[in-house]
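Position 1 is the first residue of the sequence; numbering continues from there. Fair warning: this is a prediction, and the values are worked out from it, not measured in the lab.
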Amino acid sequence: MLIYYYFIIMPFKNVNILLLVYLLNVTFILSDSNNEPIKIELLHSSELYILSSSFGSDKQPISLIVDTLHTVLSVMSNRCHICKSNFSFNNETSSSFSIVNRSQSVISMNNEEFIGYLSTDSFHINDINIDNLTFFLVDNITHNTIFYDEGFLSLGFSKKNRSLLNILKENNVISEAIYSLLFKKNSDKGYFYLGGYDTQLIN
């Protein structure tokens, strides 16, 4: 069955919506697979959806805001004193941490500039463990006008960087480089599916 998907922009507040995301203007074929979609619970806070994960060899707990726009997963460093974060990542206690580029870089997000280093470390979410995942370790922020939590799980597709979805597919954790987000009406919970969607809602 050949299906075409497009991005649709809709307000999420008080709306039941299942958002399927794939590459723009690209077709793909849904096929039977032994790999079931990975379901991850989201918590709703301040109009944001947040999931729990951990980073580093010592599995430091990090909450990530689900971000469908940007392409680089970002984590707040414990050196970032301006970041509004209850927890942050201490790379010095992780034996698997590595800096990709020793010179500081700047990425733009939400009309602000994040200053830090492109790095790699192990990433853990549910029962998934990924070694050498590339992410941006944020040392400083220019303004800090919004709520950040500990970081952003950026799900945008990039030709430059290998996305989380591509890594999971390459390692046969998921069968398709696709994700979906389910937001429940009048609830503080939602669900994030890696490699699929809720088959009871879509056929």
Side-chain angles (χ1 to χ4, degrees), residues 1-55 59 61-75 109 122-135 149-159 161-203:
M1 176 173 58
L2 191 61
I3 296 181
Y4 295 79
Y5 282 94
Y6 301 93
F7 282 102
I8 300 176
I9 300 175
M10 293 180 63
F12 291 151
K13 190 174 182 181
N14 297 325
V15 173
N16 279 323
I17 179 172
L18 181 68
L19 175 65
L20 291 176
V21 183
Y22 199 69
L23 291 174
L24 279 172
N25 299 324
V26 172
T27 62
F28 65 99
I29 298 174
L30 295 179
S31 59
D32 294 332
S33 171
N34 293 327
N35 292 344
E36 293 293 327
I38 299 164
K39 182 180 179 181
I40 301 166
E41 186 173 284
L42 302 174
L43 294 179
H44 184 226
S45 174
S46 302
E47 302 303 318
L48 301 170
Y49 283 87
I50 302 167
L51 59 83
S52 298
S53 68
S54 61
F55 273 80
K59 294 190 175 181
I62 301 290
S63 295
L64 298 174
I65 296 170
V66 177
D67 174 16
T68 60
L69 178 62
H70 300 94
T71 61
V72 181
L73 190 154
S74 302
V75 175
M109 186 180 292
S122 55
F123 173 64
H124 318 279
I125 182 170
N126 281 22
D127 296 328
I128 302 171
N129 299 295
I130 302 173
D131 295 326
N132 301 317
L133 180 70
T134 300
F135 68 98
D149 215 61
E150 286 97 68
F152 293 87
L153 180 68
S154 298
L155 297 168
F157 290 91
S158 169
K159 293 180 180 179
N161 300 311
R162 291 167 67 232
S163 69
L164 172 64
L165 290 173
N166 288 334
I167 292 171
L168 292 175
K169 184 178 179 181
E170 290 167 8
N171 288 278
N172 297 317
V173 177
I174 59 177
S175 57
E176 296 288 347
I178 180 177
Y179 67 84
S180 60
L181 298 168
L182 173 63
F183 304 103
K184 286 191 171 183
K185 185 177 181 180
N186 299 325
S187 172
D188 61 351
K189 291 184 179 180
Y191 295 97
F192 173 52
Y193 293 85
L194 282 165
Y197 49 88
D198 189 334
T199 55
Q200 293 182 355
L201 299 180
I202 295 180
N203 55 40

- Query: Can you check ring pair (Phe, Tyr, Trp, His ring centres under 6.0 Å) on F123 and F135, steps first, answer last?
  - Reply: CA-CA 10 Å; F123 173 64; F135 68 98; 8.8 Å; no

- I would like to know whether L43 and D188 meet side-chain contact (heavy atoms from CB on, under 4.5 Å); could you show each step before the answer? CA-CA 6 Å; L43 294 179; D188 61 351; 5.7 Å; no

- Query: Given Y179, which of L164, T68, L168 fulfils the side chain to side chain contact (heavy atoms under 4.5 Å, CB included) condition?
  - Reply: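 The residue from L164, T68, L168 that satisfies side chain to side chain contact (heavy atoms under 4.5 Å, CB included) with Y179 turns out to be T68.
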
- Should F55 and V75 be marked as a side-chain contact (heavy atoms from CB on, under 4.5 Å) after you check the CA-CA gap, both sets of side-chain angles, and the distance that decides it? CA-CA 9 Å; F55 273 80; V75 175; 3.5 Å; yes

Whether the side chain of [X] engages the backbone of [Y] through a donor-acceptor N/O pair (distance < 3.5 Å, no angle test) should be reported.
X    : Y    : result
S74  : V72  : yes
S180 : G196 : yes
N126 : I128 : no
S53  : I62  : yes

- Sequence neighbours left out, what passes side chain to side chain contact (heavy atoms under 4.5 Å, CB included) with S54? Give chain and number order.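 Applying side chain to side chain contact (heavy atoms under 4.5 Å, CB included) to S54 gives K59, H124.
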
- Query: Mind checking what makes side chain to side chain contact (heavy atoms under 4.5 Å, CB included) contact with N132, not counting sequence neighbours?
  - Reply: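 Counting only residues at least two positions away or on another chain, N132 forms a side chain to side chain contact (heavy atoms under 4.5 Å, CB included) with T120.
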
- Message: Show the nearest heavy-atom pair for residues H70 and S154, with the distance to one decimal.
- Response: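 Looking at all heavy atoms of both residues, the shortest contact is O-CB, 3.2 Å.
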
- Task: Return the minimal non-hydrogen interatomic distance between K189 and H44, and the atom names on each side.
- Result: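 In terms of heavy atoms, the two residues are closest at N-CB, 4.4 Å.
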
Interatomic distance, [X] atom [atom1] to [Y] atom [atom2] [nearest 0.5 angstrom]:
X    : Y    : atom1 : atom2 : value
L51  : I40  : CG    : CD1   : 6.0 Å
L42  : L64  : CG    : CG    : 11.0 Å
I50  : L153 : CD1   : CG    : 12.0 Å
L165 : L194 : CG    : CG    : 6.0 Å
L181 : Y191 : CG    : OH    : 13.5 Å

- Message: Going by side-chain hydrogen bond (donor to acceptor under 3.5 Å, both in side chains), name the residues that satisfy it together with E41, two or more places apart in sequence or in a different chain.
- Response: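 E41 satisfies side-chain hydrogen bond (donor to acceptor under 3.5 Å, both in side chains) with no other residue.
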
- Evaluate the criterion side-chain contact (heavy atoms from CB on, under 4.5 Å) for residue pair I130 and V173; output intermediate values, then yes/no. CA-CA 10 Å; I130 302 173; V173 177; over 6 Å; no

